[in-house]
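Note sheet for the following structure.
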Amino acid sequence: MIKVPLAGVIGAPVAHSRSPRLFAHWLSALGLPGHYVPLHVEGADLRDVIATLPAMGFRGCNVTVPHKEAALALAAEVTPRARAIGAANTLTFDGGRIVADCTDGIGFLANLGELQGARTAHVLGAGGAARAVVHALRDAGLRVAIANRTEARAEALAEVFGATVAPWGERPSADLLVNTTSLGMQGQPPLPVDLSAMPKGALVTDIVYAPLDTPLLAAARARGLRTVDGLGMLLHQAVPGFERWFGATPVMDEATRRAVLG
Ligand code: ATR
């Protein structure tokens with residue numbers, strides 16, 4: 001008997017996740033059987049739930065806040081990038097073994113397309129999202145400066161990944177500016193950043209995607225800077241999981257963005 005492949009996203013809360021829409025769109029666009037479901041799981045239950053999923057037909061799952069570090073610890077095998085980032089967002093069940101990967105960093109880079117010659121990056125924020133972004137940028141050979149409200153967190157991250165620390169509030173002047181903080185998100189204050197020292201042709205990107213056009217991106221556009229919104233990172237980080245669990249490469253087009261924004 002053929003089992004319909006299942007996958008899902010584990011988090012708490014998880015109801016806001018756009019991933020079920022994304023996977024449903026790709027499955028339907030490719031005419032593939034399968035389902036992808038939101039799984040609200042509390043930390044105390046994480047180990048038991050993950051241990052049970054393979055027998056239920058799950059090929060793997062995404063993991064989101066607040067379980068990304070705990071998920072890493074449950075895996076039998078961890079990819080080098082997940083180990084370096086210290087978090088897992090993609091678990092694959094491989095004959096009973098849990099393989100943990102972190103695709104946030106490559107999703108971030110894929111969303112930028114190519115780095116178009118950027119050699120320096122200024123990263124705002126030093127939380128979990130910043131870890132994946134800084135890892136990916138350093139891996140791509142950029143010099144990275146990290147600025148964070150709580151400077152000690154920026155220092156810790158800079159030390160792990162070979163970056164430098166910039167004061168929070170300093171005018172960025174890098175080829176690439178990345179916001180990894182929650183500022184600018186719906187219900188949050190806008191990011192207080194002065195773009196006047198950014199070089200011509202610089203790229204500004206925000207990992208916040210609700211709203212899609214954040215005050216940071218609007219301010220960058222108004223100065224003639226190039227911008228990339230954060231939705232693509234969400235789409236691109238999902239690709240490796242989709243390929244592993246459903247056996248096909250998903251399409252990345254405007255219809256995908258519309259389906260997710262719904
Ligand atoms: P995530 O895993 O999504 O990155 P996080 O670890 O809570 O979440 O990190 C949130 C980031 O947004 C941090 O860099 C945080 O700065 P602090 O380390 O100083 O807390 C930043 N952030 C959140 N609210 C902020 C605010 N009002 N002003 C400045 N930075 C803020």
Side-chain angles (χ1 to χ4, degrees), residues 9-19 41 43 46 62-73 81-91 100-109 111-112 121-138 144-161 163-172 174 176-195 204-212 214-217 219 229-238:
V9 52
I10 295 183
V14 80
H16 66 284
S17 171
R18 307 279 174 134
S19 295
V41 178
L46 187 66
N62 288 121
V63 181
T64 188
V65 177
H67 301 318
K68 288 186 176 186
E69 287 86 10
L72 190 76
R81 62 189 177 212
R83 176 77 63 208
I85 295 166
N89 75 339
T90 303
L91 302 182
D101 193 5
C102 183
T103 63
D104 289 330
I106 53 162
F108 168 77
L109 276 190
N111 185 37
L112 294 188
H122 189 105
V123 175
L124 300 165
R131 280 188 82 86
V133 165
V134 171
H135 175 259
L137 291 173
R138 291 291 297 136
V144 177
I146 306 168
N148 193 51
R149 176 180 60 177
T150 310
E151 194 161 296
R153 291 184 87 190
E155 278 162 7
L157 209 61
E159 185 164 334
V160 173
F161 295 116
T164 57
V165 175
W168 179 249
E170 180 182 274
R171 284 188 310 160
L176 170 66
L177 174 65
V178 188
N179 175 42
T180 74
T181 75
S182 44
L183 295 175
M185 198 183 283
Q186 260 154 26
Q188 296 277 334
L191 181 74
V193 61
D194 179 346
L195 298 176
V204 177
T205 186
D206 203 326
I207 70 160
V208 170
Y209 60 83
L212 208 49
T214 61
L216 170 66
L217 296 181
D229 69 50
L231 184 64
M233 178 176 173
L234 174 79
L235 308 185
H236 285 281
Q237 61 78 31

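Counting convention: from 1, in listed order, for ligands and their atoms alike. Just so you know, these numbers come straight off a predicted model, no measurement behind them.
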Quiz item: Any chance the side chains of Thr103 and Asp101 put a donor and an acceptor closer than 3.5 Å?
Solution: no
Quiz item: Just by distance, with hydrogens left out, do Asn62 and Ser19 show a side-chain donor and acceptor under 3.5 Å apart?
Solution: no
Distance-only donor-acceptor pairs under 3.5 Å for side chains of residues 230-237, two or more places apart:
from: Gln237; atom 1: OE1; to: Asn89; atom 2: ND2; distance (Å): 3.0
from: Gln237; atom 1: NE2; to: Leu234; atom 2: O; distance (Å): 2.9

Exercise. Just jot down the side-chain contact (heavy atoms from CB on, under 4.5 Å) partners of Ser182, sequence neighbours excluded, or say none.
Key: Met185, Gln188
Quiz item: Going by an N to O cut-off under 4.0 Å, is there a salt bridge joining Lys68 and Asp104?
Solution: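 Looking at Lys68 and Asp104, the cut-off is met.
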Quiz item: Protein residues near ligand 1, heavy-atom distance below 4.0 Å?
Solution: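 Answer by chain and number: Gly125, Ala126, Gly127, Gly128, Ala129, Asn148, Arg149, Thr150, Arg153, Trp168, Thr181, Ser182, Leu183.
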Practice problem: Please list, chain by chain and in numerical order, all residues satisfying ring pair (Phe, Tyr, Trp, His ring centres under 6.0 Å) with His122, sequence neighbours excluded. | Solution: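 Checked His122 against ring pair (Phe, Tyr, Trp, His ring centres under 6.0 Å); zero matches.
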